[in-house]
Protein chains: 4
Amino acid sequence: MSATWGRNFKISIFGESHGTAIGAVIDGLPGGVELDIDNIKMHMKRRAPGKNKLSTPRAEGDEFEILSGYFNGKTTGTPLAVMIRNKDRRSNDYEKTKSMLRPGHADYTGMVRYGGFNDYRGGGHFSGRLTAPVVFAGAIAQQILQGMGISVMAHVKSIGSVKDDDFCFENIDPEIAQGLKAMEIPVLDNAKADLMRQEIIKAKDDLDSVGGVIECAVTGVRAGVGDPFFDSVESNIAHIMFSVPAVKGIEFGAGFDISNMKGSQANDEPYIKDGKILHRKNNNGGIVGGITNGMPIVFKAAIKPTPSIGRPQSSVDIEKMSEVELEIEGRHDPCIVQRAIPVIEAGAAIAALDMIMERGECF
Amino acid sequence: MSATWGRNFKISIFGESHGTAIGAVIDGLPGGVELDIDNIKMHMKRRAPGKNKLSTPRAEGDEFEILSGYFNGKTTGTPLAVMIRNKDRRSNDYEKTKSMLRPGHADYTGMVRYGGFNDYRGGGHFSGRLTAPVVFAGAIAQQILQGMGISVMAHVKSIGSVKDDDFCFENIDPEIAQGLKAMEIPVLDNAKADLMRQEIIKAKDDLDSVGGVIECAVTGVRAGVGDPFFDSVESNIAHIMFSVPAVKGIEFGAGFDISNMKGSQANDEPYIKDGKILHRKNNNGGIVGGITNGMPIVFKAAIKPTPSIGRPQSSVDIEKMSEVELEIEGRHDPCIVQRAIPVIEAGAAIAALDMIMERGECF
Amino acid sequence: MSATWGRNFKISIFGESHGTAIGAVIDGLPGGVELDIDNIKMHMKRRAPGKNKLSTPRAEGDEFEILSGYFNGKTTGTPLAVMIRNKDRRSNDYEKTKSMLRPGHADYTGMVRYGGFNDYRGGGHFSGRLTAPVVFAGAIAQQILQGMGISVMAHVKSIGSVKDDDFCFENIDPEIAQGLKAMEIPVLDNAKADLMRQEIIKAKDDLDSVGGVIECAVTGVRAGVGDPFFDSVESNIAHIMFSVPAVKGIEFGAGFDISNMKGSQANDEPYIKDGKILHRKNNNGGIVGGITNGMPIVFKAAIKPTPSIGRPQSSVDIEKMSEVELEIEGRHDPCIVQRAIPVIEAGAAIAALDMIMERGECF
Amino acid sequence: MSATWGRNFKISIFGESHGTAIGAVIDGLPGGVELDIDNIKMHMKRRAPGKNKLSTPRAEGDEFEILSGYFNGKTTGTPLAVMIRNKDRRSNDYEKTKSMLRPGHADYTGMVRYGGFNDYRGGGHFSGRLTAPVVFAGAIAQQILQGMGISVMAHVKSIGSVKDDDFCFENIDPEIAQGLKAMEIPVLDNAKADLMRQEIIKAKDDLDSVGGVIECAVTGVRAGVGDPFFDSVESNIAHIMFSVPAVKGIEFGAGFDISNMKGSQANDEPYIKDGKILHRKNNNGGIVGGITNGMPIVFKAAIKPTPSIGRPQSSVDIEKMSEVELEIEGRHDPCIVQRAIPVIEAGAAIAALDMIMERGECF
């Protein structure tokens, strides 16, 4: 099953890049949640294409229509369905190359998986466009989480070789979160945004593309959320993150670096402050034994460079079963890292809310 | 829900480190599978403690008793339940320190999650002992996969600062897999095993512990297995891997390194060989768009150093709500990386089989 | 979770009676299934209101728009979303009585369940209108089943005191199935249709309503489908049937009558015909031990009379918390049994296909 | 998947009638529940065989061993595993008839479903013995429900042609529930117990068997539990009930009789008492729109006569593929209705608790 996720905050997505519409059904929302539609639009806009010269010129406003589950400005508690019609559709761009396997894309795997019947136009169901309904659901999740004092924030940790600072006790902070959401390339060290922009432009000029790393933090989640075998907080977050196209790695807290630490360095010692138990470090990213310890949940996701590049690549024409040299025309992003930020935030918010609701403490 | 995993090859585990028994119920096994019990014992033995001075001296033979689902030497197709009685139980070791929160352990998170009622002895349900039934299930999964020409193999990629080679086209090979399974510290470059052993002994002598990275490969899986949103192959493998205690990161193919590549480097170009479609590189670790492309599935998992160390650590006595200096006595591993290898293999085998069965091609 | 059903042929429904739209997302469809749109429309028309004086005059054509998962006349294998816009909406009909609890309706339970935020207009999410997307999905399921030689057929077993014949070896037959689908009131004994019609008209003239029983058969399912504890064929069919509004009972084969038989009468003896194992009777309705035995699956569902009646009823105004006498105006069906027939068929088809796909033999 | 049930109170069962052991893993139990072991034994004893001449003489004490999830007399919150070893095993009874298909039993369907590899001895996994772990889990569920003021009670509504009274406002009452649990044949009208006993003895003397109907009530469940499409309270209760061997029908409230009522009779009018909303009737069995309305949940289940009878039956030898006359020797029940009572109660308790936990109000 591909399209449904979650136990408590359940989301089913549908659609293809150049089909009639994309959308989602969200099941498990409590009734009476007042939705801030402008806030949802803000999140959608951050992901939408055509904003600037860093992204594809495809013009999609991603205007959504809520079909159900929303009455008198509030959620009803019954499934909320949302639809986004595809407008800037250019099917013909894809006809002549439909049998060419674009390297790094799901053309071949999708063809095998669906017996060659899936919609190949612009990646069809595999398109990054399918992340729009996820961002919509994530915006609602973040509104609900906010009401519990929980914030989700992400920044570009790196694009190519340009690295931003890490989240740390000093800079994980809802104030900063608001600032990040307003940036074209959200970073903690403002100086890095320009360098990253140059890295992207350079890749574009080289008819190439570039990847990066996103760091995300969820603050305010109480201790005691999650499970050991087989539904750890890491398991659930990783599960949804690896559904986001182009994500190839995830690490929590110190992540891969922890493997080169000694136990005496790696262990986060607890201490007492104002009668509450806190931890002096956060190498475990807020999760121990699969369960939250009250520290911020922190993880990094590796994003691969956009597979669509302008320069010629060797490939296969699967109809002719012959090798070909492929030049991908049409519109594509030289870098999707900055556009993936709201998607990663959405995934983290959806996963966090789903797990918090598990113990029914939510409403 | 913590204890159940899988859609088709479903496993429920139970038990505590010093309780009566640990075990699992495996549901979804086809009928008529002849089980190689000696092979299962071999897998169990690789994980079992007390083998050598690199691991805890706790003496557990991990002898299992199959309670159901097994008749005349073959699986029946109905649930197969297995039980492993805990023998070398030393409850008293834990009484005097039961209110001390061991840094890096799930003492605090488990206490909050279960309201203080969970069995604290030796980590209880959070103990690495719970991986024994997973290895049992994984051994059965590997026997079934073998019948489909699918092999699962893993090696220690690093312990502390000592690094082994990477899996590559040359050394991913069922022959090598057999050899790895026989090694105390499975590595591709034999010279590294000794250096790693020294690293472990040194940590032990320092009353400290050390972590590492495990690399795992699954070969022979046909193209077309898996799904995009929300059940990618990466999602399912990561989900089960992050249930394994001490895993803090996972990456597929080039993983985090791919974020620093250009698209032209990262893309795995397809080509034709003997009328079949192969790929020249495997930066995507055998998975594109969440679906297998026929290349070996390759991933790395980061293992944190054993939290239990001999040297004094600052901690909290949660009953007295006072800070204390804690010295952990009793028996523990200076390094669990080598013991985690069969667990990672088991998880990969269980996840792979579960996904292959999804399309029902299996039996 | 209310809105999602199924493991393999997964359906999520959404919508409210007088909201923007109702619809469904169908996940798990194989790629390449050519859809007979006219046949789907035929099924939708059978359920649609406003057909005749036996049903509500509400004029809804139930015209559907497929939003995704359908490309070049075939399914893509990715989620198929369908939307039906509500046209004949009369919200104001409901404003003045919105705080009146209509006896037999879900007004009170829905209000408690959703904290009073659910859409009350015309029953909102509880409306029989929500069965339209189920009929849509069922029509597709029946098209796929047909390709496997499996037919689904239902008739009105009784309306009020008028009883039709039972399905038996002689009259369970795809030919008859076609005939039944064409009848306004599908019956095996044609003479009964008129008597049932009179029963309905009489109830309508009395400002009252009438219920009945539907019998459904699924033929051509091979032996060996289903499971014992906890997913018997009866369990899965009953689960979806009891989601259909107004269903209050279900029985398989001889059903409640079998409780008054002796074992020697009740047992269906197997025998051999043309080298195949058949059964001389079908008291078990084609299911033994939760698993199909190759005989037709036969069940009956009890449908309660439409709760909406014209005559005054004692009720409660939940805002004023006072007892009131309620006269329900607006449009309603004096009997929904005949309109429920395509819904019961749809549910049976969806459940059957889902279970058949479980063993992956399907595609 | 056969062996796992539930979303919140999750149970996985395993075992075969003459295998090593049967048992269950219960996942989702809260920590800190003090178990009344004697009460559990009482429930187990009610189901156990060999009690009297109304049931099989097979001597199984059904002594259980808790393997995990239970510490210092309380649940830990982690999975609770229980095992019951099979003692009175007589495999040889079944060798000579193993290829004979016993009419009414799952011999044929099980053989097809599991490819002939399932354990055929005494029905194997299909045996009524598998209800023992369900009764164990149900006893725990009832203890938890009791703490919420919820009672589960059942009586024999009929055996053969002898009918007991119905549950009604006057006799649905926890006091009566205690009395019923103590009876060999639990009835509301004591005079009926003897007549039922005679009916059973007569069937036994005729080398035949007899079935019946069980009525069950769950009192004290608040309004607002359950969902419309697709997880109605009826759906969930029916799902688990139809997993109980020999159940062939289920109806809620007036059930099939409601189909012959007028709307004006069938509707349960609400009224106000002490500022609370009650209903004057309970034709809907406490469930409207799939959701509880605060009235007692009431349902009836039809139990077929024991398929195992002493008199000769025509059958098939599936190895020889020849028709045979079969005389079933060995030990069997002339009637299982009274032994099924604690199983139906257990199923109702498990389903009720699972649904109540859905909204997380439970702990």
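Within every chain, numbering begins at 1; the chains are lettered A, B, ... in the order of the sequence lines, protein sequences first and strands thereafter.
Heavy-atom pairs under 4.5 Å with chain B were tallied for A/Ile237, A/Asp208, A/Ile309; the largest tally goes to A/Asp208. Of the residues considered (A/Asn284, A/Leu101, A/Thr306, A/Val112), A/Asn284 shows the highest number of contacts with chain B, using heavy-atom pairs under 4.5 Å. Each of B/Ala238, B/Gly212, B/Ala266 has some count of heavy-atom pairs under 4.5 Å with chain A, and the biggest count is that of B/Gly212. When the candidates A/Ala246, A/Ala106, A/Gly263, A/Gly211 are compared by the number of heavy-atom contacts under 4.5 Å with chain B, A/Gly263 comes out ahead. Between chain B and the residues A/Val324, A/Ile258, A/Asn236, A/Asp268, the largest count of heavy-atom pairs under 4.5 Å involves A/Ile258.
A/Ile318 touches chain B through its side chain: at least one heavy atom from C-beta onward sits under 4.5 Å away, while N, CA, C and O do not. Proximity to chain B (any heavy atom under 4.5 Å) is restricted, for A/Ser322, to the backbone atoms N, CA, C and O. Using a 4.5 Å cut-off between heavy atoms, A/Val233 does not touch chain B at all. Heavy atoms of A/His105 lying under 4.5 Å from chain B belong exclusively to its backbone.
Residues A/Pro103 and A/Pro307 form no side-chain contact, since every pair of their non-hydrogen atoms from C-beta on lies 4.5 Å or further apart.
Ion pair A/Arg280/B/Glu323 flagged as a salt bridge, since at least one NZ, NE, NH1 or NH2 atom sits closer than 4.0 Å to an Asp/Glu carboxylate oxygen. Salt bridge A/Glu269/A/Lys281: present, at least one basic N to carboxylate O contact under 4.0 Å.
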